[in-house]
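Note that this is a predicted model, so its numbers are computed, not measured. The sequence lines fix the lettering, A, B, ..., with proteins before strands; numbering per chain opens at 1.
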2 protein chains.
Amino acid sequence: MAKIPSQLLKGTLEGALLLIIARGETYGYAVQTTLAELGFGTVPEGTIYPLLLKMQKQGLIAAERHASKTGPDRKYYHLTAAGQTAIASFVPRWQQLAQAMARLVEAKDETSQ
Amino acid sequence: MAKIPSQLLKGTLEGALLLIIARGETYGYAVQTTLAELGFGTVPEGTIYPLLLKMQKQGLIAAERHASKTGPDRKYYHLTAAGQTAIASFVPRWQQLAQAMARLVEAKDETSQ
DNA sequence: GCCTATACTTTGCATTGCAAGGTAGGAGGG
DNA sequence: CCCTCCTACCTTGCAATGCAAAGTATAGGC
């Protein structure tokens, strides 16, 4: 799976993390695995953890530490009401962008051959 | 048409401009109109012109100035071979990102009600 | 004891979108 | 003739974000 360039990810990643956490409580390390499984490629720790902390400070997600039997403690995040609101505003913007890009890409496919 | 947040546009815009110029020679001011028509919202001049200059320096596009009957000179851009290559590498990355996001958004639609 | 996988944090840099301001031509109204 | 608007381009400086790099720490296998 090819790596998605940093600049393409910009801004999208916050929405992606919100949507992942919305599916059920998770922790940073697991989020990284989930992103890879979804096709986002390997998003480095130096991206994920600072972003989670920022979102926590903004009140979009909240955290609780729990012990793990297979390693160090995990910091489990879950969505707050503000996080729900953020998702509700993110999704349509993303869809708008995706549609606009789709128009360009499809138009290109037609003309390029 | 709602405005797409800056952070979502990051990186995407360069690809969008390449695809627009690939459809046929255009100039900055017209690109702005085209973006709006495609659904990208109003992308400010302070975004478009610096980006076009950067892409020109990188050799992805080339420019020629021509007079206009209805106003100041226009700087027409057209794609170079390097620009074609850039499109060829951009499009699959974008599609990868769009697919990964689609999985998350669709999953959300199912669970949310 | 050492190495690997797991798990989180912090610092500093590079890139990019954009607000704000500047320059300038042509057309129309006052 | 001046003023305003639309057209058309450029530059400066700031803010946001991804990420490399380095550090800390637990658990298990060799």
Donor-acceptor pairs are to be reported for all side-chain atoms of residues 41-60 of chain A against protein atoms at under 3.5 Å, with residues two or more places apart or in another chain.
{"from": "A/Y49", "atom 1": "OH", "to": "A/Y29", "atom 2": "N", "distance (Å)": "3.4"}
{"from": "A/K54", "atom 1": "NZ", "to": "A/E14", "atom 2": "OE1", "distance (Å)": "2.7"}
{"from": "A/Q56", "atom 1": "OE1", "to": "A/K75", "atom 2": "NZ", "distance (Å)": "3.3"}

| said: I need the residues from residues 58-66 of chain A with at least one non-hydrogen atom less than 4.0 Å from DNA chain D; give them sorted by number, or say none. | reply: none
| For A/L18 and D/dT17, what is the distance between atoms CG and C1' respectively, to the nearest whole Å? | 15 Å
| request: Name all residues meeting the side chain to side chain contact (heavy atoms under 4.5 Å, CB included) criterion together with B/T80; count only those two or more places apart in sequence or in a different chain, and write none if there are none. | output: B/A62, B/A82
| request: Output all residues satisfying side chain to side chain donor-acceptor pair (under 3.5 Å) with B/E64, sequence neighbours left out; order by chain, then residue number. | output: B/H66
| task | Report yes if some heavy atom in the side chain of A/F90 is under 4.5 Å from a heavy atom in the side chain of A/L18; otherwise report no. | result | no
| query | Under 4.5 Å between any side-chain heavy atoms of B/T34 and B/R23, yes or no? | reply | yes
| Is there a donor-acceptor contact under 3.5 Å from the side chain of B/Q96 to the main chain of A/F40? | no
| said: Expressed as a whole number of angstroms, how long is the span from A/K75:NZ to D/dT26:C1'? | reply: 17 Å
| Nucleotide C/dT9, atom P - distance to CG of A/D73 in whole Å | 11 Å
| request: Side-chain contact test, heavy atoms from C-beta onward, threshold under 4.5 Å: evaluate it for A/T12 versus B/T12 and give yes or no. | output: no
| note | For DNA chain D, the expected dot-bracket line (Watson-Crick or G-U under 3.5 Å, [ ] crossing, | inter-strand) is ||||||||||||||||||||||||||||||
| message | On a heavy-atom basis, which atom in A/A16 and which in B/L104 lie closest, and how many Å separate them? | response | O-CD1, 3.7 Å
| request: Answer whether the closest heavy-atom distance between the side chains of A/Q95 and A/V91 falls below 4.5 Å. | output: yes
| said: In whole Å, I'd like the distance from the NZ atom of B/K10 to the C1' atom of D/dA16. | reply: 5 Å
| request: Could you tell me which residues satisfy side chain to side chain contact (heavy atoms under 4.5 Å, CB included) with B/S68, sequence neighbours excluded, listed by chain and number? | output: B/T70, B/R74
For nucleotides 2-7 of chain D, tabulate all protein N/O to nucleotide N/O atom pairs closer than 3.5 Å, reporting atom names and distance.
{"from": "D/dT7", "atom 1": "OP2", "to": "B/Y29", "atom 2": "OH", "distance (Å)": "2.8"}
{"from": "D/dT7", "atom 1": "O5'", "to": "B/Y29", "atom 2": "OH", "distance (Å)": "3.3"}

| query | Is there a side-chain contact between B/H78 and B/I61 (heavy atoms, below 4.5 Å)? | reply | no
| field | Qualifying residues under side chain to side chain donor-acceptor pair (under 3.5 Å), relative to A/R103, sequence neighbours excluded | value | A/Q99
| field | Atom-to-atom span, NZ of A/K69 to P of D/dA27 - whole angstrom | value | 13 Å
| field | Within residues 48-57 of chain A, residues whose heavy atoms come under 4.0 Å of DNA chain D | value | A/L51, A/K54
| query | Under a 4.5 Å cut-off applied to non-hydrogen side-chain atoms, are A/E25 and A/Y77 in contact? | reply | no
| said: OP1 or OP2 of D/dC19 versus the side-chain N and O atoms of A/T47: is any pair under 4.0 Å? | reply: yes
| request: Take atom CD of B/Q32 and atom P of C/dC18, then tell me their distance rounded to the nearest Å. | output: 11 Å
